[in-house]
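Take a look at the structure below.
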Amino acid sequence: MNNTLIDYTLHLADNALIIGQRNSEWCGHGPVLEQDIALTNISLDLIGQARSLYQYAAELINDSRRLSTGNTPSIPTSREGRGEASSLNGMNTAGRCEATEDTLAYLRDSREYKNCLLTELPNGDWAQTMLRQFFFSTWQFLLYQRLQHSSNTRLAAIAEKSLKEVTYHVRWSSEWIIRLGDGTEESHARMRHAIDELWMYTGELFIPAEYELNAFKQGAGVDVTSLKDEWHQRVNEIFAEAMLPVPAANGQGFSHTGGKQGLHTEYIGFVLAEMQYMQRTYPGCEW
Amino acid sequence: MNTTTNISTQHIWSILEDVTDPEVPVLSVVDLGVIRDIKLFSSSTGEDGIEVVITPTYSGCPAMDVIRMNIRMALLQHGFRNVQITTVLSPAWTTDWMSEAGKQKLKVYGIAPPNPKQQVCNTQLFAEEEAIQCPHCNSYNTRRISEFGSTACKALYQCNDCHEPFDYFKCH
């Protein structure tokens with residue numbers, strides 16, 4: 001059973017889903033219609049990427065279960081599977097169920113989520129959402145650039161496909177950092193506040209979890225420590241143009257960690273509660 | 001019921017010419033370039049089948065499920081029951097795969113087709129594509145309102161001459 005590849009794929013998927021879900025909270029609340037639509041589109045890209053990754057993770061999980069039990073899982077359809085999984089309180093205890101992209105998104109609890117802490121932080125104001133997207137997209141861009149050459153052809157294909165979308169996200173969020181940082185006194189102050197709120201969550205992006213290290217050794221994953229210099233360079237460039245100070249010019253400084261291992265901030269509970277409520281209350285519901 | 005012994009992939013391609021994109025109903029899935037391959041295979045039951053290989057425009061494109069279903073329905077209507085639809089992600093879809101006929105249909109429909117040459121598919125800031133032609137009055141004097149439009153594949157533009165807003169099917 002290749003736990004490394006399952007965990008690594010879930011980690012990539014969870015990052016995309018959680019920040020996509022966070023961004024979607026802006027739907028109908030954006031400062032102007034065009035930017036509301038822009039952020040909703042970015043959510044759609046990210047949730048689409050998460051789907052591709054969850055579908056792959058589900059295949060890996062189901063294959064590994066078949067190997068370990070010597071036969072196919074007893075529950076044939078995903079709809080029934082979902083209901084069963086829910087009544088058994090999620091994937092942990094629902095060992096007999098067929099995993100699907102939906103069970104992975106809707107029926108795992110916070111300790112099973114492997115997203116970086118940055119992705120689950122509250123939206124705050126527009127400046128904070130833009131900065132979170134800029135930090136994340138810049139990292140994801142560098143990550144996918146390398147992942148598209150992964151020895152794992154499925155992950156490589158997902159990265160290649162996603163990279164074109166992330167390119168738009170990087171550009172759009174970078175422009176907002178400059179627009180707000182080098183904007184009015186008010187927008188500048190809000191950007192500085194956002195930096196204070198988010199900076200200490202950026203270090204985790206470059207501190208590999210064990211499954212990331214192992215995935216890298218197997219040739220499937222990316223060494224995230226190798227992204228650090230380029231990420232800082234990019235942030236420095238944009239911050240300089242935006243007239244914003246870089247918090248720790250000579251390094252990262254203190255960073256919160258734990259998300260990759262399932263140890264989250266208190267915020268993730270609220271994200272999951274909203275996202276999973278319907279499936280937990282009405283198992284298998286569709287509309 | 002068709003028997004697939006004498007069918008050709010060309011015939012299947014022509015059937016798919018009638019399957020349209022639910023978001024942009026003037027475009028067929030063939031025009032859009034999402035059909036990557038059509039293969040004939042023989043199954044163990046003796047009934048030959050058709051494999052249709054498709055690729056999404058964007059990862060989150062919500063039209064893909066409908067497109068899959070419509071392909072299946074169209075082939076079923078022509079008597080092909082044994083249809084397998086495979087989704088591939090690599091090579092990633094690009095607007096370069098859109099047919100010339102498709103681009104013309106888009107323009108007539110009121111959506112500016114993607115420029116023939118990709119211009120700003122990189123991280124360069126504040127870049128705007130040059131010469132997006134207004135599909136209504138043909139003026140090139142247009143401006144971008146938003147990089148993201150009514151669907152993931154479009155950006156929102158406005159014409160400075162006739163003042164009409166319009167969708168631009170952006171390069172990807």
Side-chain angles (χ1 to χ4, degrees), chain A residues 16-17 20 24 30 32-53 55-56 134 137-138 141-142 144-145 148 150 153-179 234 237-238 241-242, chain B residues 23 33-34 36 53-65 67-69 85-97 114 118-129 143-158 165-172:
Chain A
L17 179 67
S24 76
V32 289
L33 182 61
E34 286 76 13
Q35 298 307 328
D36 189 303
I37 292 170
L39 198 49
T40 315
N41 264 303
I42 290 173
S43 285
L44 192 63
D45 287 341
L46 289 166
I47 292 168
Q49 293 165 17
R51 284 190 64 185
S52 298
L53 290 161
Q55 285 162 7
Y56 180 45
F134 169 66
S137 293
T138 304
F141 180 81
L142 299 172
Y144 283 171
Q145 264 187 339
Q148 66 178 335
S150 165
T153 52
R154 279 292 281 279
L155 291 180
I158 294 169
E160 181 193 340
K161 176 77 195 162
S162 307
L163 190 58
K164 298 182 85 168
E165 295 151 10
V166 176
T167 304
Y168 276 110
H169 308 171
V170 169
R171 224 170 68 194
W172 180 81
S173 59
S174 302
E175 288 173 5
W176 268 108
I177 302 310
I178 295 167
R179 200 174 285 130
R234 177 86 188 169
E237 279 169 19
I238 299 295
E241 205 171 333
Chain B
E23 298 276 0
V34 299
R36 301 315 303 153
V53 182
I54 62 174
T55 194
T57 53
Y58 284 70
S59 300
C61 179
M64 287 310 289
D65 289 334
I67 287 175
R68 264 184 221 108
M69 192 177 69
I85 298 176
T86 312
T87 304
V88 295
L89 296 179
S90 176
W93 179 82
T94 160
T95 39
D96 291 346
W97 294 346
Q118 300 212 353
Q119 292 174 349
V120 291
C121 297
N122 55 46
T123 55
Q124 194 195 339
L125 301 182
F126 299 106
E128 285 197 40
E129 295 198 43
R143 67 194 169 96
R144 193 178 73 196
I145 305 285
S146 172
E147 189 158 337
F148 298 85
S150 56
T151 63
C153 52
K154 287 176 269 170
L156 191 59
Y157 273 71
Q158 187 171 18
F166 63 90
D167 271 333
Y168 167 60
F169 205 110
K170 64 193 173 195
C171 288
H172 192 69

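- Defined by atom type and a distance below 3.5 Å, a donor-acceptor pair is present between the side-chain atoms of A:E160 and B:S90.
- A search for side-chain contact (heavy atoms from CB on, under 4.5 Å) contacts involving A:T138 returns A:F134, A:W231, A:R234, not counting sequence neighbours.
- Proximity to chain A is limited to the backbone of B:T151, based on heavy atoms less than 4.5 angstrom apart.
- A:L39 does not touch chain B: none of its heavy atoms, backbone or side chain, sits under 4.5 Å away.
- Proximity to chain B is absent for every atom of A:L163, based on heavy atoms less than 4.5 angstrom apart.
- Listed for the A:Q49 side chain is no donor-acceptor partner under 3.5 Å among the backbone atoms of A:A16.
- In terms of heavy-atom pairs under 4.5 Å with chain A, the best-connected choice from B:S146, B:S150, B:C61 is B:S146.
- Partners of B:Y58 according to the ring-ring contact (aromatic ring centres under 6.0 Å, His included) rule, which considers only residues two or more places apart in sequence or in another chain, are B:H172.
- Ring geometry for A:W172 against B:F148 counts as perpendicular: the plane angle is over 60°, on a 0 to 90° scale with 30° as the lower cut.
- For A:I47, no part sits under 4.5 Å from any heavy atom of chain B, backbone or side chain.
- Heavy atoms closer than 4.5 Å to chain A are found in both the backbone and the side chain of B:P91.
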